[in-house]
Amino acid sequence: MMALILTSCASTRLKPEAAHVVVSKDAPPASCKNIGRVDSYTYVNAARAENNNVLINVVKNNAHELGGNYVFTDVVTALKIEGDVYNCP
């Protein structure tokens with residue numbers, strides 16, 4: 001499966017349609033389908049990452065654009081969040 005890393009020049013505000021996206025360190029249920037990957041670091045640099053909410057917003061917005069509703073994070077630091085995007089029923 002090809003991994004897709006999204007970056008965006010959009011605002012770091014959470015889009016209303018992305019509010020339902022779950023970001024978790026817990027693996028998704030088995031019924032979920034992996035549909036790609038997101039990475040907040042390439043968009044938000046250290047000067048703009050004033051808090052983790054900015055990074056989470058970027059991840060949620062990008063996951064929603066992929067059609068996902070769950071992000072299983074495997075990298076979480078003060079400067080970036082990375083994870084696999086899933087579509088869960």
Side-chain angles (χ1 to χ4, degrees):
M1 172 182 288
M2 179 194 298
L4 175 65
I5 298 178
L6 290 178
T7 60
S8 174
C9 292
S11 170
T12 56
R13 292 184 184 186
L14 181 62
K15 296 176 183 175
E17 60 272 18
H20 72 284
V21 175
V22 174
V23 177
S24 178
K25 292 181 182 180
D26 297 327
S31 60
C32 299
K33 180 182 177 188
N34 185 312
I35 58 173
R37 187 156 177 87
V38 290
D39 177 349
S40 66
Y41 182 74
T42 54
Y43 175 70
V44 181
N45 62 35
R48 296 191 64 196
E50 62 273 2
N51 62 52
N52 213 24
N53 287 336
V54 171
L55 301 177
I56 291 170
N57 289 349
V58 171
V59 166
K60 285 184 168 192
N61 290 342
N62 289 342
H64 174 74
E65 288 176 17
L66 275 177
N69 57 9
Y70 194 97
V71 179
F72 177 36
T73 60
D74 55 6
V75 176
V76 178
T77 71
L79 300 178
K80 70 178 175 178
I81 297 175
E82 295 179 25
D84 292 316
V85 179
Y86 291 82
N87 185 292
C88 302

Quiz item: NZ/K15 to CG/N62 distance, rounded to the nearest 0.5 angstrom?
Solution: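 K15 atom NZ to N62 atom CG measures 7.5 Å (nearest 0.5 Å).
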
Quiz item: Can you tell me how far NZ of K60 sits from CD of E17, rounded to the nearest 0.5 angstrom?
Solution: 12.5 Å

Quiz item: Is any side-chain heavy atom of V22 closer than 4.5 Å to a side-chain heavy atom of N69?
Solution: no

What heavy-atom pair brings [X] and [Y] nearest, and what distance separates the two atoms?
{"X": "P28", "Y": "C88", "result": "CB-SG, 4.4 Å"}
{"X": "N61", "Y": "R13", "result": "ND2-O, 2.9 Å"}
{"X": "L55", "Y": "S40", "result": "CD2-OG, 3.6 Å"}
{"X": "L14", "Y": "A19", "result": "CD2-CA, 3.9 Å"}
{"X": "N87", "Y": "G67", "result": "ND2-O, 2.7 Å"}
{"X": "A63", "Y": "V21", "result": "CB-CG1, 4.0 Å"}

Quiz item: What pairs of residues pass the ring pair (Phe, Tyr, Trp, His ring centres under 6.0 Å) test when at least one of them lies in residues 64-89, not counting sequence neighbours?
Solution: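 Qualifying pairs: H20-H64.
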
Quiz prompt | Contacts of type side-chain contact (heavy atoms from CB on, under 4.5 Å), residue V76, not counting sequence neighbours | solution =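 Partners of V76 under the side-chain contact (heavy atoms from CB on, under 4.5 Å) test: K25, T73, I81.
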
Quiz prompt | Residue pairs involving residues 68-78 (criterion salt bridge (Lys or Arg N to Asp or Glu O under 4.0 Å); sequence neighbours excluded) | solution = R37-D74

